[in-house]
Amino acid sequence: NAGVTQTPKFRILKIGQSMTLQCAQDMNHNYMYWYRQDPGMGLKLIYYSVGAGITDKGEVPNGYNVSRSTTEDFPLRLELAAPSQTSVYFCASSYSRQAGASSTDTQYFGPGTRLTVL
Amino acid sequence: KQEVTQIPAALSVPEGENLVLNCSFTDSAIYNLQWFRQDPGKGLTSLLLIQSSQREQTSGRLNASLDKSSGRSTLYIAASQPGDSATYLCAVTLTGNQFYFGTGTSLTVIP
């Protein structure tokens, strides 16, 4: 298994540009998450999904959009990039046996995407 | 709002020493608590997951404890090795899949 994969690894954007961060997992996990990590800070949850077609906001969703059309993929969209979105973005996945319940299993993380907005 | 604090922010110990990392949280109505390891420039690796009904979990040289009523968790590392050098993060899960991470403890084990 490749686990959780993220592309690209690095990206520099200009203010106002848009881009999609890709995330895929091959572990048949039903739950997927997007976090951002700013220097010296902990991770903050942007969006999460408990299954295909279902997404919900986390702690810091403004400026981002997500979709979950398949179990495997969970892309994160930045529509109008701003310098405040400079960060490292991590995607994660986990498996919950009980639909709709808080995830009970460990989260598996991707290697991250380092995004700079200038 | 849940606040997760980790103390100390950085720690240096000689190889072979036993050590304790601390994590505290303000809202005791957690679903579970996880400890992660993060190497520089890498993603997070889960070390231990403690459900709210459990008091501790062990994996090899690692032991994590949870005291929900006092809002505290500790990660005990026995016989530390240079390969243990990394940043250790704790995260708590509230119902509704809201996850809150601490800012981490940066550990350096000196050979």
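Chain letters run A, B, ... following the sequence lines, proteins first and then strands; every chain starts at 1.
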Please classify the contact between [X] and chain B as side chain, backbone, both or neither, with a heavy-atom cut-off of under 4.5 Å.
X       : answer
K57(A)  : backbone
Q37(A)  : side chain
Y108(A) : neither

Pairs of heavy atoms under 4.5 Å with chain A: top-ranked of F36(B), F101(B), Y100(B):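 Looking at each option in turn, the highest pair count goes to F101(B).
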
Heavy atoms of other groups near I15(A) CD1, more than 12 under 6.0 Å: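 Enclosed.
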
Greater than 12 external heavy atoms within 6.0 Å of Y47(A)'s OH: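 Count over threshold, so yes.
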
Tell me whether [X] shares a hydrophobic cluster with [Y], the cluster being built from Ile, Leu, Val, Met, Phe, Trp, Tyr side chains joined at under 4.5 Å.
X      : Y      : result
L11(B) : W35(B) : yes
Y31(A) : V4(A)  : no
L48(B) : L19(B) : yes
L78(A) : V88(A) : no
Y64(A) : L21(A) : yes

Pairs of heavy atoms under 4.5 Å with chain B: top-ranked of P111(A), C91(A), A92(A):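 Among the listed options, the one with the most contacts to chain B is P111(A).
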
Heavy-atom pair count under 4.5 Å with chain B, highest-scoring of R114(A), M41(A), E59(A):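 Top count of heavy-atom pairs under 4.5 Å with chain B: E59(A).
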
Point-to-point distance, once rounded to the nearest 0.5 Å, from [atom1] of [X] to [atom2] of [Y]:
X       : Y      : atom1 : atom2 : result
L44(B)  : F90(A) : CG    : CZ    : 6.0 Å
F109(A) : Q38(B) : CZ    : CD    : 8.5 Å
T103(B) : L43(A) : OG1   : CG    : 11.0 Å

